[in-house]
Amino acid sequence: MATTGSGAAAPASHATSIGWTRADMARRVARDIGRGWTVNLGIGIPTLVADHLPAERCVTLHSENGILGVGPKPESDPDPWIINAGKEVVTVVPGASYIHHADSFAIIRGGHIDLSVMGAFEVASNGDLANWATDLNRAPAVGGAMDLAVGARKLWVMMEHVTRAGEPRLVAACRYPLTASAVVTRVYTDLATLDVTPDGFVALEMAPGLSLEALQSRTGTPVRSPSE
Amino acid sequence: MATTGSGAAAPASHATSIGWTRADMARRVARDIGRGWTVNLGIGIPTLVADHLPAERCVTLHSENGILGVGPKPESDPDPWIINAGKEVVTVVPGASYIHHADSFAIIRGGHIDLSVMGAFEVASNGDLANWATDLNRAPAVGGAMDLAVGARKLWVMMEHVTRAGEPRLVAACRYPLTASAVVTRVYTDLATLDVTPDGFVALEMAPGLSLEALQSRTGTPVRSPSE
Amino acid sequence: MLAQCGGYVPLGYRGAGCMTVSAGATDLPPSIGRARFCTDIGEALAGVRDAMSVMIGGFGAVGQPDALIEGLIDTGVTDLTIIANNAGAGRIGLARLLELGRVRRVICSYPRSPGSVVFEELYEAGNIELEIVPQGTLSERMRAAGAGIPAFFTPTAAGTSIAEGKEVRRFNGRECILETALHADLALIEAWHADAAGNLTYRASGRNFNPVMATAAELVVAQVHHVERNGFLNPEAVVTPGLFVDRIIEIGA
Amino acid sequence: MLAQCGGYVPLGYRGAGCMTVSAGATDLPPSIGRARFCTDIGEALAGVRDAMSVMIGGFGAVGQPDALIEGLIDTGVTDLTIIANNAGAGRIGLARLLELGRVRRVICSYPRSPGSVVFEELYEAGNIELEIVPQGTLSERMRAAGAGIPAFFTPTAAGTSIAEGKEVRRFNGRECILETALHADLALIEAWHADAAGNLTYRASGRNFNPVMATAAELVVAQVHHVERNGFLNPEAVVTPGLFVDRIIEIGA
């Protein structure tokens with residue numbers, strides 16, 4: 001999972017009364033995950049997606065610290081040797097395998113992960129991703145975010161649509177240091193699901209009660225509807 | 001083991017009555033192998049070295065097709081799944097491990113093999129090695145020779161001192177295509193044991209009855225004695 | 001003499017929720033990963049095309065996917081690039097594929113070995129292209145392809161005829177050449193055990209090129225000796241995780 | 001729930017000739033490879049020097065060689081370069097080594113995590129150097145060091161602040177940067193089982209950086225939970241072959 005800076009996690013409360021909950025967002029992402037995919041879920045909101053994946057979807061969860069086939073948190077008898085990239089104790093499912101770090105990142109960087117879902121500070125309309133540092137003068141911490149961002153076949157971002165201060169996170173160009181260039185293909189926020197296209201963001205779906213104008217007012221770069 | 005061209009194997013009979021047998025040569029090489037070393041023995045004469053390694057020397061034999069801990073040929077019940085790089089059925093010793101090709105050659109190329117012993121067509125006085133091709137117009141076959149030549153910590157060559165035609169194999173500069181440059185550190189022939197030094201070949205030892213002059217006459221580049 | 005590889009865990013649940021995997025004593029298990037279990041070689045090789053690049057596992061005969069090579073011959077595809085350590089021996093298997101004129105180009109480390117008569121005839125008649133790659137550079141180029149490394153420097157072959165045309169650079173005083181990743185459209189590999197998640201183990205020196213080829217090809221087809229019907233491979237002992245494997249065909253020991 | 005890794009083969013013979021390896025129920029086996037079995041941490045760390053570069057295995061606390069880190073603190077060495085995924089947490093172990101002022105420089109992917117107070121204080125006061133390396137580039141640079149690759153190209157971090165000063169080249173239209181091998185003088189690792197040949201296995205996600213660090217350092221010291229006294233690890237299930245390991249100290253589970 002993407003070990004991004006802690007700032008990448010969404011605020012605990014919503015700035016607006018309109019919008020989806022985190023569980024809604026996780027459910028929405030889970031719906032779009034294909035059968036048999038290998039998926040890496042980042043720390044924070046992305047982790048919630050696991051709870052909404054039906055078993056018959058046969059999704060294999062990868063944790064970059066060396067697990068293919070992450071299972072749910074243990075209900076009893078936790079094994080402290082089995083942790084995910086967020087350093088939480090988890091389980092493994094039958095069919096799992098353990099790998100070392102060089103192999104685990106060879107899997108990521110070699111394009112063998114079907115999907116990486118990450119949090120972010122900002123996503124630009126060309127797919128640029130900023131999710132590892134807000135200030136390079138403070139000790140930064142990149143973890144596996146840059147590897148996952150360039151290596152995963154698809155990169156989806158889950159985040160609140162705006163910052164706590166109400167500033168847009170979907171922007172024309174990232175102000176924060178880049179994690180990778182032109183990599184994000186889809187963004188799931190509390191307000192909308194948006195594709196990153198050659199023409200910028202396209203809102204596939206919006207939260208109930210939200211108009212395109214209202215969405216645009218919370219977005220730092222043009223948002224189009226699919227019909228445009 | 002070095003999969004060198006078949007021409008690297010020594011002729012079956014000796015051109016001169018003076019000189020060590022292949023078994024003598026193998027015994028001589030075995031004597032110089034240190035305790036606990038990991039060693040790769042090339043196809044041909046080098047393979048004979050294994051028969052002269054005392055068990056308490058704890059030498060691990062590496063075969064580049066994925067065995068660490070090659071044992072002797074089976075006395076009974078051969079397992080066709082256990083072959084060495086010469087494609088002979090062998091055994092493994094307790095404490096052995098199987099590895100895949102990328103790991104096996106990472107071991108070779110990463111400098112983790114203490115010693116590679118190879119056959120050769122020619123060795124030059126600067127340590128240049130030619131043992132993979134005599135004529136690049138015929139289909140060449142390099143195998144692992146180039147990897148072992150640059151990767152092993154020490155590279156020793158075992159070969160007949162001269163060709164069947166009586167031409168020297170220890171030369172000022174190789175005429176055959178190079179396997180690697182300046183890599184051989186010692187040569188064991190049927191006539192002498194020679195170190196490759198910054199000043200060229202130094203004969204550490206000569207076959208009984210052979211004078212330095214006689215050795216020089218069979219060598220294509222100056223040979224010195226250690227006292228010089 | 002040696003204990004068999006890995007242990008097994010009982011059949012059970014998988015996924016964030018739960019799905020029971022069950023199979024009869026002879027039925028193949030339902031696939032629960034990327035890999036699909038095939039019931040015949042034709043299905044395993046469906047979609048192979050002319051002009052494909054094809055990696056073939058094995059070192060000599062050990063770990064070589066013989067049934068898949070025969071199947072490849074039967075598909076009739078031609079103009080192939082074959083990437084393997086050897087170029088076949090005798091007049092069967094890979095050598096037969098060559099003899100039938102289906103191979104345009106061979107990329108290998110050791111084409112000339114006892115019995116490689118077909119290759120040698122073709123080569124000397126100028127009827128086949130050859131790219132000789134040192135064995136370690138061959139496996140490293142495959143590993144690079146599987147690991148997302150487009151190119152790397154290596155001292156292997158620096159200063160030799162194999163370095164001709166390649167970029168040269170010194171690192172720590174040592175001359176190195178730049179080698180590039182080697183991908184393939186298809187990898188045919190042989191493994192020992194497979195489980196329902198497509199995880200593979202190998203047997204002894206049959207491992208060789210198979211695991212690294214599984215990482216480097218677009219379509220990976222494995223012939224395996226045993227499909228585990230009553231459990232999963234020990235997660236500590238899996239060599240090739242199922243996410244690398246597209247199709248599995250059981251051959252029997 | 002899961003079967004333990006590997007099986008075991010009975011104690012027996014080794015080498016081209018034969019030597020019986022035997023040990024009592026509590027004695028350590030005689031070493032039959034490169035690795036030497038040590039009876040205390042001081043012996044395991046003999047010869048460590050100031051200004052060494054030290055790789056330390058583990059991801060967070062799992063697979064981290066705690067006893068060896070404590071031992072390293074006790075040796076009093078200073079001016080170290082530490083290469084690890086994290087930069088310690090709390091005021092124990094690696095964080096204590098930092099707090100004692102023994103570390104000049106840290107090379108890691110994720111120094112700032114819950115509890116990394118010591119590192120953050122030192123960093124903000126300008127009292128420690130930091131080289132941030134993406135986690136995959138970190139493990140790949142170690143793998144390159146162990147595999148004799150002096151440098152490789154990767155798309156990871158291209159176009160970011162981490163690419164500053166690095167050579168840039170496009171492969172297949174994708175911007176890549178040149179990264180170099182990362183060696184260390186010393187690697188401290190944690191494993192689960194060791195046998196008399198120095199072969200190692202790991203436990204679950206405790207594997208992480210340990211196997212790759214074992215390939216990349218001049219001196220490799222492993223703390224292990226169990227030394228196998230009655231046999232050898234299954235050759236199919238060995239993760240780190242004994243040739244990578246210099247010293248082994250048994251810690252107990």
Side-chain angles (χ1 to χ4, degrees), chain A residues 2-6 63-67 70 74 77 79-92 94 96 98-110 128-130 132-133 136-151 177-183, chain D residues 1-2 5 57 59-63 85-87 106 108-114 116 119-120 122-124 128 130 132-140 142-144 146-147 154-162 174-176 192 202-213 215 239-240:
Chain A
T3 45
T4 59
S6 57
S63 187
E64 64 264 31
N65 58 314
I67 303 176
V70 178
D77 296 325
D79 180 343
W81 289 85
I82 308 177
I83 63 165
N84 65 14
K87 287 156 193 163
E88 302 164 313
V89 174
V90 292
T91 56
V92 292
Y98 295 114
I99 50 185
H100 61 59
H101 245 83
D103 279 352
S104 180
F105 277 87
I107 285 172
I108 292 171
R109 294 153 63 112
D128 282 2
L129 172 69
W132 77 286
L136 291 177
N137 294 318
R138 284 198 65 212
V142 67
M146 289 187 179
D147 307 291
L148 281 158
V150 304
L178 283 194
T179 304
S181 239
V183 287
Chain D
M1 172 192 107
L2 302 174
C5 51
F59 183 85
V62 177
N85 191 57
N86 305 103
V106 170
C108 74
S109 90
Y110 207 69
R112 213 181 56 210
S113 49
S116 62
F119 172 80
E120 289 180 55
L122 287 167
Y123 185 79
E124 272 148 42
I128 198 160
L130 172 66
I132 281 284
V133 182
Q135 203 168 137
T137 297
L138 186 63
S139 54
E140 189 65 29
M142 292 173 188
R143 196 265 171 193
T154 175
T156 293
T160 75
S161 60
I162 284 176
R174 185 157 217 188
E175 190 173 309
C176 294
W192 188 245
Y202 301 87
R203 179 168 170 177
S205 64
R207 192 179 295 206
N208 59 63
F209 278 95
N210 290 299
V212 70
M213 287 178 172
T215 73
V239 179
T240 295

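Throughout, protein chains are lettered first and strands after them, A, B, ... in sequence-line order, and every chain is numbered starting at 1.
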Kindly determine whether D/T137 and A/M146 satisfy side chain to side chain contact (heavy atoms under 4.5 Å, CB included), including the steps that lead there. CA-CA 9 Å; D/T137 297; A/M146 289 187 179; over 6 Å; no

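- Looking at D/M213 and A/H101, their side chains never come closer than 4.5 Å, going by heavy atoms from C-beta outward.
- Within the 4.5 angstrom heavy-atom criterion, no atom of A/T91 approaches chain D.
- Proximity of A/P140 to D/L130: side-chain heavy atoms (C-beta onward) are separated by under 4.5 Å at one or more points.
- Among D/S139, D/G60, D/A204, the residue making the largest number of heavy-atom pairs under 4.5 Å with chain A is D/A204.
- If you measure heavy-atom distances from D/Y123 to chain A, the contacts under 4.5 Å come from the side chain alone.
- If you take CG on A/D147 and CG on D/L138, they are separated by 9.5 Å, rounding to the nearest 0.5 Å.
- Here the closest non-hydrogen pair linking D/G159 and A/L178 is O-CD1, 4.1 Å.
- For an aromatic pair to be called close, the ring centres must be under 6.0 Å apart, and D/Y202 with A/H100 fails this.
- When heavy atoms are compared at a cutoff of 4.5 Å, D/S116 does not approach chain A at all.
- Between D/S205 atom OG and A/I83 atom CD1 the span is 5.0 Å, to the nearest 0.5 Å.
- Nearest heavy-atom pair across D/T154 and A/R109 is OG1-NH2, 3.1 Å.
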Test D/N86 against A/K87 for side chain to side chain contact (heavy atoms under 4.5 Å, CB included), laying out the working first. CA-CA 12 Å; D/N86 305 103; A/K87 287 156 193 163; 3.0 Å; yes

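- One distance of note links OG of A/S63 with CZ of D/F59; it measures 6.5 Å at 0.5 Å rounding.
- Looking at heavy atoms from C-beta onward, D/R143 lies out of side-chain contact with A/D103 at the 4.5 angstrom threshold.
- Of all the listed residues (D/N85, D/V133, D/N210, D/T156), the one sharing the greatest number of non-hydrogen pairs under 4.5 Å with chain A is D/T156.
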Side chain to side chain contact (heavy atoms under 4.5 Å, CB included) assessment of D/R203 paired with A/D79: CA-CA 11 Å; D/R203 179 168 170 177; A/D79 180 343; 3.2 Å; yes

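- The shortest side-chain heavy-atom distance between A/W132 and D/I162 falls under the 4.5 Å cut-off.
- Between D/T160 and A/A180, the closest heavy-atom pair is CG2-N, 4.3 Å.
- Considering every non-hydrogen atom in both A/A102 and D/V212, the closest pair reads CB-CG2, 3.9 Å.
- Between D/Q135 and A/F105 the shortest side-chain heavy-atom distance falls below 4.5 Å.
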